[in-house]
Amino acid sequence: MIHAVAIRHDMLANCKYFVKDSIKWIPFFGLGMKLAGFIYVSRNWTQDQSKIHNTFRDMKRLGTPAWVINYVEGSRATPQKIHEAQVFSKQRNYSIMKHVLLPRTKGFVTCVNEFRDSHIKYVYDLTIGYRNTTNTKAFLQAPSMIRAHIQPLWPEYEFHIHVRRYAIQDLPKDDEKLGYWLRERWVEKDHLLDELRENWTVNLIKHS
C-alpha cells in the first residue's frame, strides 16, 4: 500500500526501510535491499544508532529526496503480542490499546533528531485499515502473502489509508516528550482503527 502511494508521487525509488539484519542473508533480496540503501537493524541500540547516523549523514550531505519508512511497533501485531503489549502498558501506566502494539520510541526519536534542520521537513503518519467484505468480523486479518501476489484482492478486500502530516520543526525537542508525543499518536491510531472496525469510513470525518 505504501508503494502505491509512493508511485503516485514518483518516490518509489527513494523509499528507504528499516529491515531486520537477518534479512541481508536472503539471496538476491538481501543484496538488493542493501544496494537500495535500506537500513539493517539488529535491535542492538549501540550498533543501530551508529548505522542510522551514518546513513542519514550521507543522505543529508547529498540532499537526497527520501521517504524513510519506519514501522515503529517493530513487529507484526498478533493477538499474543497485543496482549503482551497491554500487560506492559498497564505496568507502565500507559494507555491500553486494542489494535496496535506499543511503539518503540528510540528509533523514531533518533530519526526526528537526525533530520531537524535538514531538507527533510515532515513526518507522515499512515494508518492502514483493511477488512474482508465477505466477513466483516475479520477486521485487520490480512490475506496470505501468496494470495496477495497472485490474485486480485478487490472486491473481496477493502483498504483505507489515513494520512496525517506533522512538521518536524513543530515536534517536541526533548527526547522524553517526543516519545510521549509518539505514544499519544498511537492511542489516536487505535481509536481510529476502532472506528473503522465499527463503521468503516462512514464517520471518519470525526478523526480528520
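What you are looking at is a predicted structure, and each value in this text was computed from that prediction instead of being measured. Atoms considered below: every heavy atom in the structure, side chains included; atoms not considered: hydrogens, waters and symmetry mates.
- Crowding of Asp117 atom CG: a count of heavy atoms from other residues, nucleotides or ligands under 6.0 Å not exceeding 12.
- Identified under the salt bridge (Lys or Arg N to Asp or Glu O under 4.0 Å) test for residues 48-59, with sequence neighbours left out: Asp21-Lys51, Asp58-Arg61.
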Report the C-alpha distance between Phe159 and Trp154 in whole Å, list the side-chain angles of each, state the deciding distance to 0.1 Å, and finish with yes or no for side-chain contact (heavy atoms from CB on, under 4.5 Å).
-> CA-CA 9 Å; Phe159 295 84; Trp154 187 87; over 6 Å; no
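- In the hydrophobic clustering of ILVMFWY residues, with side-chain heavy atoms under 4.5 Å counting as a link, Met33 and Leu31 come out apart.
- Enclosure of atom CG in Asp10 is not indicated, since only 12 or fewer non-hydrogen atoms of other residues, nucleotides or ligands lie within 6.0 angstrom.
- Proximity of a side-chain donor or acceptor of Asn132 to a complementary backbone N or O of Ala138 within less than 3.5 Å is not detected.
- Heavy-atom contacts from other residues, nucleotides or ligands closer than 6.0 Å to CD of Gln151 number more than 12.
- Classification of the Tyr124-Trp67 ring pair by plane angle, with boundaries at 30° and 60°, yields tilted.
- Not a single donor-acceptor pair under 3.5 Å links the side chain of Thr133 to the backbone N or O of Tyr157.
- By the 6.0 Å contact criterion, NZ on Lys121 is enclosed, its count of non-hydrogen atoms from other residues, nucleotides or ligands being greater than 12.
- Taking OH from Tyr94 and OH from Tyr180, the interatomic distance works out to 11.0 Å, rounded to the nearest 0.5 Å.
- Screening Ile39, Ile120, Asn113 for a side chain to side chain contact (heavy atoms under 4.5 Å, CB included) involving Phe56 leaves a single residue, Ile39.
- Between Trp200 and His160, the ring-plane angle classifies as perpendicular under the 30° and 60° cut-offs.
- The structure places CG of Leu182 at 8.5 Å from CG of Asp125, a figure rounded to the nearest 0.5 Å.
- Minimum heavy-atom separation, Val100 to Asp190: N-OD1, 3.6 Å.
- Judged purely by atom type and a 3.5 angstrom limit, Lys98 has no side-chain atom pairing as donor or acceptor with the backbone of Ile82.
- In terms of modelled atom types and a separation under 3.5 Å, the side chain of Asn54 and the main chain of Ser50 share a donor-acceptor contact.
- Arg185 has a carboxylate O that lies under 4.0 Å from a charged side-chain N of Glu188, or vice versa, which qualifies the two as a salt bridge.
- The main-chain N or O of Glu114 is found under 3.5 Å from a side-chain atom of Lys60 such that the two form a donor-acceptor pair.
- Two residues are said to be in side-chain contact when any heavy atoms from C-beta on lie closer than 4.5 Å; Phe18 and Ile52 meet this criterion.
- Neither Leu126 nor Ile7 shares a network with the other; the hydrophobic side chains, linked directly or stepwise wherever heavy atoms of I, L, V, M, F, W or Y lie under 4.5 Å apart, form separate groups for each.
- Tyr71 and Val68 fall within a single hydrophobic cluster, where Ile, Leu, Val, Met, Phe, Trp and Tyr are joined by side-chain heavy atoms under 4.5 Å apart, directly or via other members.
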side-chain contact (heavy atoms from CB on, under 4.5 Å) evaluation trace for Leu193 with Arg197 | CA-CA 6 Å; Leu193 290 171; Arg197 183 189 63 180; over 6 Å; no
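- In this structure, NZ on Lys24 lies 8.0 Å from OH on Tyr40, to the nearest 0.5 angstrom.
- Cys15 approaches Ala6 most closely through the heavy-atom pair SG-CB, 3.7 Å.
- Rounded to the nearest 0.5 Å, atoms CD1 (Ile161) and CD1 (Ile2) are 7.5 Å apart.
- Under the 4.5 Å side-chain heavy-atom criterion for ILVMFWY residues, no single connected hydrophobic cluster contains both Leu35 and Phe28.
- Tracing side-chain contacts under 4.5 Å through hydrophobic residues (I, L, V, M, F, W, Y), one never reaches Phe29 starting from Trp25; they form parts of separate clusters.
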Output, in order, the C-alpha distance, side-chain angles, deciding distance and verdict of side-chain contact (heavy atoms from CB on, under 4.5 Å) for Glu156 and Arg147.
-> CA-CA 12 Å; Glu156 183 180 349; Arg147 166 67 198 284; 3.0 Å; yes
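- The heavy-atom pair separating Ser75 from Leu101 by the smallest distance is O-CD1, 3.7 Å.
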Start with the C-alpha gap between Leu178 and Thr105, add the side-chain angles, then the distance that decides, and say whether side-chain contact (heavy atoms from CB on, under 4.5 Å) holds.
-> CA-CA 8 Å; Leu178 183 56; Thr105 60; over 6 Å; no
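- In this pair, His99 and Phe139 present their aromatic rings perpendicular. The plane angle is above 60°, beyond the 30 to 60° band.
- Between the side chain of Glu73 and the main chain of Arg104, no donor-acceptor pair closer than 3.5 Å is present.
- In this structure, Ile150 places its CD1 atom where more than 12 heavy-atom neighbours from other residues, nucleotides or ligands lie under 6.0 Å away.
- The shortest non-hydrogen separation linking Ile96 to Ser89 is CD1-CB, 3.8 Å.
- Rounding to the nearest 0.5 Å gives a distance of 6.0 Å between CZ of Arg116 and CG of Leu171.
- In this structure, Thr55 and Gly37 approach most closely via the heavy-atom pair CG2-O, 4.5 Å.
- Pro65 approaches His119 most closely through the heavy-atom pair N-NE2, 4.3 Å.
- To the nearest 0.5 angstrom, Phe108 atom CZ is 8.0 Å from Asn70 atom CG.
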